[in-house]
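For reference, the structure is listed below as structure tokens.
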Amino acid sequence: MSTAMNFGTKSFQPRPPDKGSFPLDHLGECKSFKDKFMKCLYDNRFENALCRNESKEYLECRMERKLMLQEPLEKLGFGDLIGGKSEAKK
């Protein structure tokens, strides 16, 4: 007896998510940026608003090295940081 039940002829075609799926940094090209971001989070009790500049730099590194899709910084929520200034910077 078969346990598979086919309720139609449609087959499931998986597709990757639009956002959130990107290659891992196997070569460590952005490791220094990631480490700086993680240290900032640790030093600021994981209050990510205080580490937005480090987050922006890490994402810029990933985009420059084709480890994620190139996106405008404004679309990623960093429009206020363009020009290197941050209100949340200590």
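Residue numbers run from 1 in the order of the sequence given.
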Check: Within the side chain of R52, is there an N or O that forms a donor-acceptor pair under 3.5 Å with the backbone of D80?
Finding: no
Next item on the list: Could you tell me whether the side chain of N48 reaches within less than 4.5 Å of the side chain of S55, counting heavy atoms only?
Entry: no
Next item on the list: Of all the heavy-atom pairs spanning L67 and L24, show the shortest one and how long it is.
Entry: CD2-O, 4.0 Å
Checklist line | NZ-SG distance between K34 and C61, expressed to the nearest 0.5 angstrom | finding: 11.5 Å
Next item on the list: Please examine the side chains of F78 and L59, heavy atoms only from C-beta on, and report whether any two atoms are closer than 4.5 Å.
Entry: yes
Check: For M63 and M68, which heavy atoms make the closest approach, and how far apart are they?
Finding: CG-CG, 3.5 Å
Next item on the list: Give me the other members of the hydrophobic cluster that F37 sits in, counting Ile, Leu, Val, Met, Phe, Trp and Tyr linked by side-chain heavy atoms under 4.5 Å, directly or via other members.
Entry: M38, L41, Y42, F46
Let me check something: any side-chain donor-acceptor pairs from residues 25-32 under 3.5 Å, sequence neighbours excluded? List them with distances.
residue : atom : partner : partner atom : Å
D25     : OD1  : G28     : N            : 3.2
D25     : OD1  : E29     : N            : 2.8
D25     : OD2  : E29     : N            : 3.2
D25     : OD2  : C30     : N            : 2.7
K31     : NZ   : D35     : OD2          : 2.8

Checklist line | side chain to side chain donor-acceptor pair (under 3.5 Å) involving K66 - partner list, sequence neighbours excluded | finding: none
Item checked: Set of side-chain contact (heavy atoms from CB on, under 4.5 Å) partners for E64, sequence neighbours left out -> E60
